[in-house]
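Heads up: the structure comes next, in C-alpha cells.
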Amino acid sequence: MHNNAAWTVMAGNFSADQMLQRGRQAFEQGQFSEAAGEFSLVLLSHPDNLDALRFRCEALFRLEKYQESFNDANQILAVDPKDRVALNRRGMILAMSGHLDEALTDLTQLLQIDPDHVEGRLRRYWVFMRMRQIHPAEEDMRRLLIVLPDETAIQMTTAECFLQSGHLASAREVLSRVLDREPENVAALKYRGLAWRHLGAPEMSVDDFSQALDVTADDPVLLVERAASLIELGKRTFTQKAYRWAIEDLTRVVEELHSKLTKPAVVYNIRAQAWTFIAQRAWFDKSGYRKALDDYDTAILKEPEFLEAYHNRASLHWHLGNIDNVIEDCTKTIAVKPDHVEALHLRAEAYLRKKEHDKAEADFNTIDRIQDGMAEDAEKLREENRNACDSLRGGCAGHCH
C-alpha cells in the first residue's frame, strides 16, 4: 500500500475522471485491490466524490475488508440517505455481523426505493429466516420469483423456504417449474419428492426419488428418502410389497453404502418401522417384530441420544405388551427432552396399566403445562410475524395472513 505522500504525487499525474475510469476498468476485470487504490486516489483530492466512494465501498466488500467498506457506506449515507449501493452493502455487513435489526432497517429502506433489488431482497430473506420470521421471508422470495421467473437458484431457495414453513403445495409448484426446464435436476426431484410425501401423495414421491436415483444410483440419502416414501405408500395400500421394497433400499444402504452415511442410526430406525409394519400384516410370521427391535437397538447403540428411536421402540414395546420396557425407554427420552409430550403421554398410559396412578397423573399434569406454554409461544410468534409484515409498508402487509 502506498503512503499518503506517494498517493498525492500519483493523484497529481491524473485527473479525477481518469483515475475514476481506471478504477472502473480494474473493477470490471475483477482486480478489486487495484480498483480500490484508484478510487482512493480520487478521494485524496475529491473526498466527497460519491462515485468513487460507491465503487471503493463495493471493491472493499469484494476484498472482504468489511469494516472499511462499512465506513465508506456510512460516509455515503451521511450525504445521501437513500443511496442504494451503500444501503445494500451496509445492510449486508450488519447482517453478516449479527446485527439483524439494524440490517433489516437498511435492507427494508433499500427495497422501498428499489423493490426489484435482487441481492438486497435475498439478504433480507436471509435476515428474516435468521429471525424466524417465516412469513415475511416467504413474501421476499415470492417477489423474487416475479423478478426472476426462470432463475433456478432463486426457485430452489424459494422452494426450500416454502418447505420449511409448511407451504408444501407452493414448494411443489415452484419445483415443478424447475423440473420442466431441468428434468434431471436431482435436488429439485429430491425436494419435490419430500413435498409430495408430506402432501399425502407417496406414490408421486416414490416416482420423484426413483427418477433422481436414475441419475445418481448410489446416493444413500435418496435411497433412504425413497424408503420413507415407500413406507408411507405401504400404509395406504395395506400390502407388504412397498415395505419390502423399502427394506431392500435400506439394506443396500447399510451393507453397500455405509461409508457414505453421516447418520447411520436413522437408516436402522426407518428399517425398523418397515419390519414392524410387515409383522403387523403377516398372519403367521411375526419375526418382523424381533427384527424391528434389533434395528432399534442398533440405532440407539450408534446414536445413544436418538430420541426418535427410543420413542419408536417404546411404542413397539407397548404394542407387544412389554410395559416395563415402555417406561424405561420413555424415561430415557424424557431425561434428554423433558418436554417430549408423546413420551410423557405413553409413559403415563404405561403407569396407568401398572395402576401407578400418582405417577401417571404427574405426567399428565406436565403435559398440560407444556401445551399451555406452546400455545403462548405460538401466539407470540404469530404476533411477531404480523408485526414484521406490517412494518414493510406496502411490501407484504397486504398479503400476509
Side-chain angles (χ1 to χ4, degrees), residues 28 30 62 84 88 92 95 107 110-111 114-130 133-230 232-233 245-246 249 253 257 260 262 392 395-396 398-400:
E28 290 171 1
R62 302 290 184 90
R84 290 179 295 176
N88 182 41
M92 292 189 74
L107 294 169
L110 167 65
L111 291 169
D114 183 0
D116 294 340
H117 195 291
V118 172
E119 191 175 27
R121 200 167 286 277
L122 272 172
R123 181 57 61 173
R124 192 174 70 170
Y125 154 80
W126 182 87
V127 170
F128 276 136
M129 292 298 289
R130 285 284 301 275
Q133 295 182 10
I134 303 297
H135 296 302
E138 285 180 2
E139 291 303 316
D140 275 342
M141 298 313 296
R142 289 183 191 278
R143 179 64 185 237
L144 283 171
L145 285 177
I146 296 171
V147 178
L148 299 170
D150 297 322
E151 185 69 37
T152 297
I154 296 298
Q155 290 178 321
M156 292 297 293
T157 302
T158 305
E160 289 181 54
C161 180
F162 289 157
L163 286 171
Q164 288 183 48
S165 61
H167 289 90
L168 303 173
S170 297
R172 182 200 62 201
E173 179 184 345
V174 172
L175 291 164
S176 294
R177 283 192 235 167
V178 174
L179 290 165
D180 284 342
R181 297 192 310 272
E182 305 172 25
E184 294 189 350
N185 186 314
V186 172
L189 286 165
K190 173 186 172 182
Y191 286 130
R192 192 173 69 173
L194 292 171
W196 277 125
R197 187 165 78 222
H198 292 296
L199 283 166
E203 67 285 356
M204 302 297 292
S205 178
V206 171
D207 285 346
D208 275 350
F209 287 123
S210 296
Q211 287 183 51
L213 284 162
D214 287 341
V215 180
T216 172
D218 294 330
D219 188 321
V221 173
L222 293 174
L223 284 164
V224 171
E225 293 294 355
R226 183 170 71 177
S229 297
L230 284 164
E232 292 301 314
L233 182 60
W245 186 5
D249 278 351
V253 169
L257 305 172
K260 297 182 179 181
T262 56
L392 298 185
C396 74
H399 306 284
C400 293

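As the structure is a prediction and not an experimental result, all values here were calculated from the model.
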For this session: Please say whether more than 12 non-hydrogen atoms of neighbouring residues, nucleotides or ligands are located less than 6.0 Å from CZ in Arg142.
Result: yes
Problem set entry | Asp116/Arg121 ion pair, N-O < 4.0 Å | no
Distance-only check: which donor-acceptor pairs under 3.5 Å involve side-chain atoms of residues 171-179, not counting sequence neighbours?
from: Ser176; atom 1: OG; to: Arg172; atom 2: O; distance (Å): 2.9
from: Ser176; atom 1: OG; to: Arg192; atom 2: NH1; distance (Å): 3.1

For this session: Measure the spacing between CG of Leu111 and CG of Asp140 and express it to the nearest 0.5 Å.
Result: 6.5 Å
Exercise. Any side-chain heavy atom of Trp245 sitting closer than 4.5 Å to one from Val206?
Worked result: yes
Problem set entry | Shortest non-hydrogen separation from Tyr125 to Ala137 and the atoms involved | CD1-O, 3.6 Å
Seminar exercise, completed: Minimal heavy-atom distance between Leu189 and Asp208, with the atoms involved, is O-CB, 3.6 Å
Exercise. Mind checking whether Ile134 and Met129 have side chains closer than 4.5 Å, heavy atoms only?
Worked result: yes
For this session: Provide the closest heavy-atom pair for Met156 versus Ala188 in the form atom of the first, atom of the second, distance.
Result: CE-N, 3.6 Å
Exercise. Roughly how far, to the nearest 0.5 Å, is the CG atom of Leu213 from the CG atom of Asp249?
Worked result: 7.0 Å
Exercise. Do Glu139 and Arg124 have side chains that get closer than 4.5 Å, going by heavy atoms?
Worked result: no
For this session: Please report the shortest heavy-atom distance between Ala246 and Ala227, naming the atom on each side.
Result: CB-O, 3.6 Å
Problem set entry | Thr152 and Glu182 side chains, donor-acceptor separation under 3.5 Å | yes
Exercise. Does Gln155 use its side chain to pair, donor to acceptor, with the backbone of Pro149 at less than 3.5 Å?
Worked result: yes
For this session: Identify, with sequence neighbours excluded, every residue that meets side-chain contact (heavy atoms from CB on, under 4.5 Å) alongside Leu194.
Result: Tyr191, Arg197, Phe209, Glu225
